[in-house]
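A, B, ... follow the sequence lines: proteins, then strands. Residue 1 opens every chain.
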Amino acid sequence: MPGAGANKVTSNLLTWYDRHARTLPWRTAPDQRRAGVWPDAYRVWLSEVMLQQTTVAAVKKYFEDFTTRWPKVHDLAAARDEEVMAAWAGLGYYARARNLLACARAVSATGGAFPASAARLRDLPGIGDYTSAAIAAIAYDEPVAVVDGNIERVISRLFCIDRPLPAARAEIRQKMQALTPQTRAGDFAQAMMDLGATICTPRRPVCALCPVNDHCGAYSAGTAEDFPVKKKKPAKPERVGAAFVAERPSDGAVFLRQRPPSGMLGGMAEPPTTAWSARQDGATGDEAAPFEASWREAGKVRHTFTHFHLTLTVWHARANTNQTLDGWWQAQPTLDQQALPTLMRKCLALALAKP
DNA sequence: GATACGTGGCT
DNA sequence: TAGCCAAGTAT
């Protein structure tokens, strides 16, 4: 019966977590915690920001890189913007990296200690409802309701919540708060997330292995895969544009520039591109090139963003320019150190491929 | 509440 | 393949 046995759900999950917690680079294992070992709030914060809408597998190498280069929040705060954007390149949602730096500098400027409550963490840039609660629970054991996508799924199944997301969030948060224990709140939040990631998965959940299946409304009804109910997303429109990869004849350096500080790929590097227009009026030809050259079409790059599909026509030229341009020439062996998003790396790879 | 904002893996 | 999904936040 949904809603019954809250204490049992909580204790079953904690016991399950003691045995089955995933080992993750940023995590303090439950037995360590019992022995009095507490995670470093800086590492918890960094991992949580990286994990926003991003898979564990993708985050691991970035987390290792960041914590090696910048072991403490003061180190990160002192880093140059371009250096951090380059280190973040490929991870996506680049506003996170800009907010990460702003947050590191704010924390560093006020002594270097992260605020110890969810309410005050929430005031920092890039830290919203989820991340503030996660840091407070994991780093300080504050008994606050942590609600991420995993937990939305687990809770909506446990209680058969059929109101579609995101409208169901308030109800889900309330249920999560009721399950959250006064002690081990951090382990409980991580237990719920691990359950969602490994057992209570979006498709083909492994209910037979679930430690709380006999308290689950959806399991008893045989409808686990019907939850959570989500509002349907609108189709992605198509956009088109062009990218121009100029290679300097003397040394093969490539012309790059920096994108505007906000908006798509804000603050990241690129070979010059046109605006990305709707298909009707997209400029894809070399008339939109940043300077005169013998531009040859290298091919097309297809890339899908969260809310649209993009096809860029990639142009290549061996050319120099005497014009003063807002950008720089970058040696090819050092391209991987630049803040180039995946889309731009695709364009460069296509244009610079040996025929 | 709705929309903008990346990328890669899986089915 | 095209669509869905992943430890969301800012506006």
Side-chain angles (χ1 to χ4, degrees), chain A residues 22 24-27 43-63 85 88-100 102-103 121-139 145-154 163-170 173 176 186 189-198 200-205 225 228 230-239 259-268 270 276 301-310 339-346:
Chain A
R22 287 179 292 173
L24 299 170
W26 46 85
R27 174 173 284 179
R43 292 167 61 89
V44 174
W45 161 75
L46 179 60
S47 66
E48 291 300 342
V49 173
M50 287 182 166
L51 286 162
Q52 291 166 4
Q53 295 287 285
T54 308
T55 58
V56 165
V59 165
K60 279 182 178 170
K61 48 189 176 293
Y62 286 85
F63 181 80
M85 297 309 286
W88 195 276
L91 202 52
Y93 283 139
Y94 298 102
R96 290 186 296 171
R98 302 193 297 269
N99 287 329
L100 187 84
C103 182
L121 285 160
R122 182 71 177 75
D123 295 332
L124 290 164
I127 299 184
D129 289 336
Y130 162 74
T131 305
S132 57
I135 297 170
I138 295 170
V146 177
V147 181
D148 76 326
N150 286 305
I151 291 171
E152 287 177 348
R153 185 170 59 255
V154 173
R163 183 198 305 278
L165 287 168
R169 293 235 166 91
R173 173 174 307 281
M176 182 62 181
Q190 293 178 95
M192 288 283 281
M193 291 190 274
D194 277 20
L195 186 78
T198 62
C200 194
T201 48
R203 279 167 291 196
R204 309 278 307 260
E225 277 191 277
K230 293 192 178 185
K231 217 180 66 171
K232 206 153 97 180
K233 291 166 190 168
K236 294 177 180 10
E238 294 284 347
R239 296 192 194 181
R259 292 178 59 81
S262 63
M264 285 293 305
L265 311 177
M268 301 296 282
E270 64 168 10
W276 308 336
V301 163
R302 175 101 174 146
H303 194 77
T304 297
F305 291 105
T306 308
H307 53 299
F308 62 90
H309 300 290
L310 176 67
L340 287 161
T342 298
L343 165 65
M344 302 307 172
R345 291 184 189 276
K346 287 188 195 175

- Item | Arg22(A), CZ: over 12 other non-hydrogen atoms inside 6.0 angstrom | yes
- Message: What is the distance, to the nearest angstrom, from the NZ atom on Lys60(A) to the P atom on dA6(C)?
- Response: 18 Å
- Task: Determine whether the aromatic ring centres of Trp276(A) and Phe305(A) lie less than 6.0 Å apart.
- Result: yes
N/O to N/O distances under 3.5 Å, protein versus nucleotides 7-11 of chain B:
| unit_1 | atom_1 | unit_2 | atom_2 | d |
| --- | --- | --- | --- | --- |
| dT7(B) | OP1 | Tyr94(A) | OH | 2.8 |
| dT7(B) | OP1 | Thr342(A) | N | 2.7 |
| dT7(B) | OP2 | His303(A) | NE2 | 2.8 |
| dT7(B) | O3' | Thr342(A) | OG1 | 3.4 |

- Note on the structure: Closest to the 5' end of DNA chain C, once Leu124(A) and Ser47(A) are matched to their nearest nucleotides, is Ser47(A)
- Knowing that exactly one of Ile151(A), Val154(A), Thr198(A) qualifies, which makes a side chain to side chain contact (heavy atoms under 4.5 Å, CB included) with Met193(A)? Ile151(A)
- Task: Please tell me which of the listed nucleotides, dT9(C), dC5(C), dC5(B), lies nearest to the side chain of Asp129(A)?
- Result: dT9(C)
- Item | N/O (side chain, Arg153(A)) to phosphate O (OP1/OP2, dA6(C)) under 4.0 Å | yes
- Look at all strands and tell whether Trp26(A) reaches a base, only sugar-phosphate, or nothing, counting heavy atoms closer than 4.0 Å. base
- Any His307(A) side-chain N or O less than 4.0 Å from OP1/OP2 of dC5(B): yes
- Query: If the C1' atom of dG1(B) is compared with that of dA6(C), how far apart are they to the nearest Å?
  - Reply: 23 Å
- If you measure from CE on Met264(A) to CZ on Phe308(A), what distance do you get to the nearest 0.5 Å? 4.0 Å
- Task: Using the P atom as the reference point in each nucleotide, state the distance between dT3(B) and dC4(C) in Å, no decimals.
- Result: 16 Å
- P spacing across the pair dG6(B) / dT1(C), given as an integer number of angstrom: 25 Å
- Message: Applying salt bridge (Lys or Arg N to Asp or Glu O under 4.0 Å) as the test, list every pair that has at least one member in residues 122-132 of chain A; sequence neighbours left out.
- Response: Arg122(A)-Asp129(A)
- Item | Side chain of Lys230(A) - closest among dC5(C), dT9(C), dG6(B) | dC5(C)
- Would you mind telling me which of dG8(C), dC5(C), dG6(B) lies closest to the side-chain atoms of Thr131(A)? dG8(C)
- Note on the structure: Considering only heavy side-chain atoms of Arg122(A), the closest of dG8(C), dA10(C), dC5(B) is dA10(C)
- Message: Would you say the ring centers of Tyr62(A) and Trp88(A) fall short of 6.0 Å from each other?
- Response: no
